[in-house]
Amino acid sequence: MRAVRVAVADDSSFIRRAVARMFEKEPTVRLVGSARSGEELLDQMADWQPDVVILDLSMPGMGGLSTLDRIMARRPMPVIILSTHTRIGAPMTIEALHRGAVDFIDKQCYSLVDFEALRGVLLEKICQVTGSSRRALRGAAASNPFPTRRVAAWTAPDLVVIGASTGGPPALEGILRDLGGDVPVPIAVVQHMPVGFTRAFAERLDSYLPLRVREAVSGEALQPGSVYIAPAGIHLRIIRQSDGLRALLDPQPDNSLHCPSVDVLFNSAGEAVGRRAVGVLLTGMGQDGAKGMAELARCGAYTIAQDEASCVVYGMPRAAVAAGGVCETLPLAHIGGRISRLLLGPGEGGPGREE
């Protein structure tokens, strides 16, 4: 199998040398070029022909965001942000994800003296985004517009729950934009992100969308037309009380692979509203959400998985389909419209009842 061709752009010579050392004995990855600036990277792209770009955001000259825009305009490809992300810098990272970067790594989380951990996570992310990302960036038609699990007694929902990981931020923005501003139920979201980034993610969505978007607060009542993002590092559950649905933030279980966990959110939605839920599982690596979606389907909820062709990483949706919990697989561009029709209820544009 051909080695993945990787280019890096970072104004730090130390980082460029470190990345070169990480990959020098790695047979699956070939570093084809290192640039000190966005301008140099763009000048060399035709010669280097990378499959993946590792990009710093804080560079002199045109900077990382403008460089990312040029890459996406010329020849879209997976771009992984490798930068120093403080709380102040988080909005820039979130903006990069919405402009086309597929993932990011915070330099501050790793020792650049003993960089084996950073090497491991870089290789993992490169492997993730070079599997199906080229097809995702080109776009594709619906792979399976028909239900894969029969719906016995579907009814109008009280709640929409969505889970996503790698490639999720722009996917979520697109779905929420397609829903418009008149959504009659609350929407709860788990997007895998490190601590310090979910608030910036929520604020970015809130400023760009007609819906109200915020980080969830434990104990708050969930309002129609509002989107609640699970804060990084803590699970989001939905509970039903006498006055309606509320958010509950809880660090348990503390042995979960992901925190927040899509499984935890989906399981709680099944307990709180049962078949009056719509569950959506989007692009991401691993299996988080598969068990929770199967539980939602068992309760009679309507469940949707993003299809392989439109995923950056077809891991979580694939696991959900394999677990038998998916009513329908759809390309990303069709999911918002499907949710809108489901919200109308049976006989008003939704899927109705299947025997």
Side-chain angles (χ1 to χ4, degrees), residues 102-103 128 131-132 136 144 147-149 157 159-172 174-176 186-194 198 201 216 227-238 247-250 252-275 277-308 310-332 335-336 338-339 342:
V102 295
D103 212 337
Q128 288 178 26
S132 59
N144 179 14
T148 56
R149 180 187 177 101
L159 174 70
V160 175
V161 287
I162 305 175
S165 187
T166 305
L172 281 162
I175 289 171
L176 296 174
I187 301 171
V189 174
V190 164
Q191 165 68 54
H192 294 160
M193 277 186 177
T198 46
F201 176 50
V227 181
Y228 301 88
I229 307 293
I234 192 162
H235 298 299
L236 170 61
R237 287 184 170 87
I238 307 301
L248 176 65
L249 301 182
D250 187 355
Q252 301 296 324
D254 56 10
N255 61 345
S256 295
L257 182 61
H258 299 284
C259 191
S261 164
V262 182
D263 278 329
V264 170
L265 173 63
F266 283 10
N267 284 331
S268 72
E271 294 173 3
V273 299
R275 64 192 181 100
V278 172
V280 181
L281 196 56
L282 303 177
T283 173
M285 183 179 181
Q287 301 183 27
D288 189 25
K291 292 181 179 178
M293 181 162 274
E295 177 60 22
L296 278 176
R298 188 193 66 78
C299 294
Y302 201 89
T303 55
I304 301 168
Q306 185 178 349
D307 74 346
E308 181 175 8
S310 64
C311 280
V312 172
V313 180
Y314 186 60
M316 288 157 51
R318 183 198 300 275
V321 170
V326 177
C327 295
E328 190 171 22
T329 58
L330 289 173
L332 178 62
I335 293 176
R338 170 52 99 190
I339 296 171
L342 291 169

Nearest-0.5 Å distance that lies between atom CG in Asp307 and atom CZ in Arg318: 11.5 Å

Audit row: Gln191, Thr198, side-chain contact (heavy atoms from CB on, under 4.5 Å) steps and yes/no: CA-CA 8 Å; Gln191 165 68 54; Thr198 46; 5.9 Å; no

Considering all heavy atoms, the nearest Met193-Pro169 contact: CE-CG, 3.8 Å

Which atom of Val321 lies closest to which atom of Ala305, heavy atoms considered: CG2-CB, 4.5 Å

CG on Leu282 to CD1 on Ile175, rounded to 0.5 Å: 4.5 Å

Residues which pass side chain to side chain contact (heavy atoms under 4.5 Å, CB included) with Glu271, listed by chain and number, not counting sequence neighbours: none

Gly286 versus Ala319, closest heavy-atom pair with distance: O-CB, 4.1 Å

Main-chain N/O of Ala297 paired with Thr303 side-chain donor or acceptor, under 3.5 Å: no

Partner residues of Pro253 under the side chain to side chain contact (heavy atoms under 4.5 Å, CB included) criterion, sequence neighbours left out: His235, Arg237, Asn255, Ser256, Val264

Atom of Tyr228, atom of Ala216 and distance for their closest heavy-atom approach: CB-CB, 4.1 Å

Residues in salt bridge (charged side-chain N to carboxylate O under 4.0 Å, His left out) contact with Asp288, at least two apart in sequence or another chain: none

Lys291 side, atom NZ; Phe266 side, atom CZ - distance, nearest 0.5 Å: 15.0 Å

Set of residues satisfying side chain to side chain contact (heavy atoms under 4.5 Å, CB included) with respect to Glu295, sequence neighbours excluded: Asn267, Arg298, Cys299

Distance (rounded to the nearest 0.5 Å) between Ile304 CD1 and Leu330 CG: 6.0 Å

Any residue meeting ring-ring contact (aromatic ring centres under 6.0 Å, His included) with Phe201, in chain and number order, not counting sequence neighbours: His98

Inter-residue atom distance Ile187.CD1 - Ile229.CD1, 0.5 Å rounding: 9.5 Å

CG-CE distance between Asp263 and Met316, expressed to the nearest 0.5 angstrom: 8.5 Å

Any donor-acceptor N/O pair, Thr283 side chain to Thr166 backbone, under 3.5 Å: yes

Nearest atoms (heavy-atom pairs only) where Pro186 meets Leu159: O-CD1, 3.6 Å

Sequence-distant partners of His192, ring-ring contact (aromatic ring centres under 6.0 Å, His included), two or more places apart: His258

Smallest separation among heavy atoms of Gln306 and Pro317, with atom names: O-CB, 3.4 Å

By side chain to side chain contact (heavy atoms under 4.5 Å, CB included) - contacts of Ala188 (at least two apart): Val161, Leu236, Ile238, Leu265

